[in-house]
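Have a look at the structure below before the remarks.
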Amino acid sequence: MATWSNLDTLASYQELTKAARVNLAEVMSGEKGADRVKNYSIPMAEGLVYNYASKQVDDQLLSALAKLAEEAQLSEKFEALYNGEVVNTGEKRLVLHHMTRGQLGQAVEADGVDKRSFYVEQQQRIADFANKVHSGEITNAAGEKFTTVVQIGIGGSDLGPRAMYLALENWAKKNGLFKMEAKFISNVDPDDAAAVLASTDVAHAVFVLVSKSGTTLETLTNESFVKDALKNAGLDPAKHMIAVTSETSPLAKSDDYLAAFYMDDYIGGRFSTTSAVGGAVLSLAFGPDVFAQFLEGAAAEDQLAAKKDVMENPAMLDALIGVYERNVLGYPATAVLPYSQALSRFPAHLQQLDMESNGKSVNRFGEPVNYPTGPVIFGEPGTNGQHSFYQLLHQGTDIVPLQFIGFKNNQMGTDVVIQDSTSQQKLCANVAAQIVAFACGKSDDDRNKNFEGGRPSSIIIGEEVNPKTLGALLAHFENKVMFQGFLWNVNSFDQEGVQLGKVLAKRVLAHETDGALKVYSDLLNI
């Protein structure tokens, strides 16, 4: 039986705070640095590698982190989660997103059904629907094929699926697997829906409404926007819309949709990309086989996360190093820097995944914690970020740990040679240079040109972005966030922090305001 304790009560954590600090600039220089890069890495699933040579750790610190993992019972807590214990204490729910892509432990029954079978059934229903759309068995009222899929959702119903679609769009086109263009409407700002609809042939579009409860204000508002556009075009919305929702929501059995696919309360929005939330839009865009490969990559990485040995478990090690940086070294943020245009929206997804999960100031039992928890997450793809915020990362007053992601090959297979190197080589040269520049710095008598170095980073390296590597990458970060939540003893699976603003917004719309809320409402002409 796992014991849930605050981080600062663990003897191994106290030992970690007293461990000697690593001089990163020194250990990453010369042959020492070469040896570290060769030796400080762990294989991930699908050919990915997690390299942490440029982190402020050594063998002594790694040993201390392994002790912390053991005392915090990280493996036992993960095992409890995937075997169906109620780990989401805030909402008193199971946490089953891993089960959308595989069975890690024992069978889990909830709501009177085997949950793995339930998720597989929904995936098969989605696959059958997508295949019928692609074959022309399901068409618009005129008997013509759908050519575009538009997802309507916000938060986890948008960020993850959108990031994954963009990551695989060019790969699918290159490999002849691109079926339908996907677009996304998320913001309640009418300009978002209007812009998407203006660029969409709605007569040949199928719309995916995603709302677990069937009551999400922004999503239902945008659904009305879409229905109006369809009616104005002389079309029946019921022949152009499907729903992804829970079986108990008002959308589940409605005649307003061509079909409804189900999720449940055991999968949080930010962890829902491998459920029907991502499955419907990605299967329509690329075909069910591509989505199945994506799930396969995620499942393979989950298997590694279940290993007890920290040095065989990249997500656990990544989490431990991150907690060391946050709680012992005092670094306030983490930058996610994919050197791949395919992953242009991946940092935005990780921002929600991490900050909504671990942005907590009370523990699992509602008691205040006396230490920092989740860091601020931000990022942009390289090399764009280099020309944006890297100045602060290199020479600013705060040290920000960096998470690089790089691939040896591009997706499209096209390139150009300029000045004796290809664009892909230039991209990879930049990420290699940045890692060493951040770690080692450069001395200069001109203080304005001096780089202190000692700025830690890690890198995940793969061959190319494809469905399997993307699935493994997603699962790595999901599991990292989970392990960090275990260490901080917070509930990573609820998000009460998003609720208060929703409540007040409803008061504003009902004109039930006073004080500052009324004045702001008047200023905004509501």
Side-chain angles (χ1 to χ4, degrees), residues 82 84 93-104 107-135 137-138 146 149-153 155-158 160-162 164-165 179-180 182 206-214 216 219 241-299 302 467 471 474-475 478 493:
Y82 63 67
R93 291 174 182 166
L94 289 69
V95 176
L96 300 181
H97 58 273
H98 298 90
M99 205 167 281
T100 61
R101 58 246 193 178
Q103 185 83 54
L104 282 171
V108 175
E109 185 175 302
D111 305 326
V113 299
D114 176 86
K115 296 312 293 185
R116 174 61 184 155
S117 298
F118 171 77
Y119 298 138
V120 171
E121 177 191 13
Q122 296 310 308
Q123 289 160 11
Q124 187 57 55
R125 291 183 63 234
I126 289 169
D128 292 344
F129 181 85
N131 285 332
K132 288 177 181 178
V133 169
H134 298 152
S135 69
E137 187 175 341
I138 294 176
F146 292 112
V149 53
V150 182
Q151 179 120 322
I152 309 167
S157 301
D158 168 72
R162 187 194 296 250
M164 301 308 121
Y165 170 76
K179 307 291 186 182
M180 301 170 69
V206 60
F207 295 84
V208 184
L209 182 77
V210 185
S211 174
K212 183 161 57 178
S213 66
T216 310
T219 301
M241 303 193 78
I242 64 175
V244 175
T245 189
S246 68
E247 288 184 285
T248 57
S249 93
L251 311 179
K253 309 296 182 184
S254 172
D255 293 334
D256 291 341
Y257 306 97
L258 283 166
F261 305 107
Y262 303 127
M263 56 189 300
D264 56 43
D265 286 336
Y266 311 118
I267 299 175
R270 57 195 174 276
F271 296 97
S272 67
T273 304
T274 52
S275 76
V277 172
V281 65
L282 296 177
S283 295
L284 285 165
F286 308 128
D289 289 346
V290 171
F291 185 66
Q293 291 175 43
F294 173 65
L295 296 181
E296 187 179 330
D302 288 341
L474 176 71
E478 288 182 350
F493 306 106

Q.
Between Lys212 and Asp265, does the side chain to side chain contact (heavy atoms under 4.5 Å, CB included) criterion hold? Intermediate values first, please.
A. CA-CA 8 Å; Lys212 183 161 57 178; Asp265 286 336; 3.7 Å; yes
Q: Give the C-alpha distance, both sets of side-chain angles, the deciding distance and a yes or no for side chain to side chain contact (heavy atoms under 4.5 Å, CB included) between Thr100 and Gln122.
A: CA-CA 10 Å; Thr100 61; Gln122 296 310 308; over 6 Å; no
**Q.** Residue pair Phe294, Phe286: steps toward the ring pair (Phe, Tyr, Trp, His ring centres under 6.0 Å) verdict
**A.** CA-CA 11 Å; Phe294 173 65; Phe286 308 128; 9.8 Å; no
Q | Criterion side chain to side chain contact (heavy atoms under 4.5 Å, CB included) on Thr274 and Ile267, from CA distance to verdict | A | CA-CA 10 Å; Thr274 52; Ile267 299 175; over 6 Å; no
Q) Stepwise, does the side chain to side chain contact (heavy atoms under 4.5 Å, CB included) test hold for Ile242 with Leu209? A) CA-CA 6 Å; Ile242 64 175; Leu209 182 77; over 6 Å; no
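Between Pro288 and Ala130, the shortest heavy-atom contact is CG-CB, 4.1 Å. Closest non-hydrogen pair, Gly279 versus Ile126, comes out as O-CG2, 3.6 Å. Considering all non-hydrogen atoms of both residues, Ala252 and Tyr262 come closest at O-OH, 3.2 Å. The nearest pair of heavy atoms linking Ala110 to Leu94 is CB-CD2, 4.4 Å. Minimum interatomic distance between Asp158 and Gly153 (heavy atoms only, all atoms of both residues): CB-O, 3.5 Å. Minimum interatomic distance between Ser211 and Leu251 (heavy atoms only, all atoms of both residues): O-CD1, 4.1 Å.
Between the side chain of His98 and the main chain of Asp302, no donor-acceptor pair closer than 3.5 Å is present. Of the possible polar contacts, none joining the Gln151 side chain to the Arg162 backbone as a donor-acceptor pair under 3.5 Å is found.
In this structure, Lys115 satisfies the cation-pi test against Phe118, with its NZ or CZ atom closer than 6.0 Å to the six-membered ring centre and inside 45 degrees of the ring normal.
Note: Ile152 CD1 to Ser157 OG = 11.5 Å, rounded to the nearest 0.5 Å. From Gln103, atom CD reaches atom OG of Ser117 across 8.0 Å, with rounding to the nearest 0.5 Å. Between atom OG1 of residue Thr273 and atom CZ of residue Phe291 there is a gap of 8.5 Å, rounded to the nearest 0.5 Å.
The shortest distance between side-chain heavy atoms of Ser272 and His97 does not fall below 4.5 Å. Side chains of Val208 and Val149 form a contact here, defined as non-hydrogen atoms less than 4.5 Å apart. You'll find the side chain of Met164 reaches within 4.5 Å of the side chain of Leu282, heavy atoms only. A 4.5 Å side-chain heavy-atom check between Tyr119 and Leu96 finds at least one atom pair inside the cut-off. Looking at Thr245 and Met263, their side chains never come closer than 4.5 Å, going by heavy atoms from C-beta outward. Using a 4.5 Å heavy-atom threshold, the side chains of Gln123 and Phe261 count as separate. Counting heavy atoms from C-beta on, the side chains of Met180 and Val206 come closer than 4.5 Å. Taking 4.5 Å as the limit, every side-chain heavy atom of Arg116 sits out of range of all side-chain heavy atoms of Val108.
Residues Phe271 and Phe493 place their aromatic rings such that the two centres sit under 6.0 Å apart.
Remark: Glu478 engages Arg101 in a salt bridge, criterion side-chain N to carboxylate O under 4.0 Å.
Between Asp111 and Tyr266, the side chains place a donor N or O and an acceptor N or O closer than 3.5 Å (distance only, hydrogens not considered). Between Asp289 and Gln293, the side chains place no donor N or O within less than 3.5 Å of an acceptor N or O (distance only, hydrogens not considered).
For the side-chain contact (heavy atoms from CB on, under 4.5 Å) with Val133, the lone residue among Ile138, Leu258, Asp128 that qualifies is Ile138.
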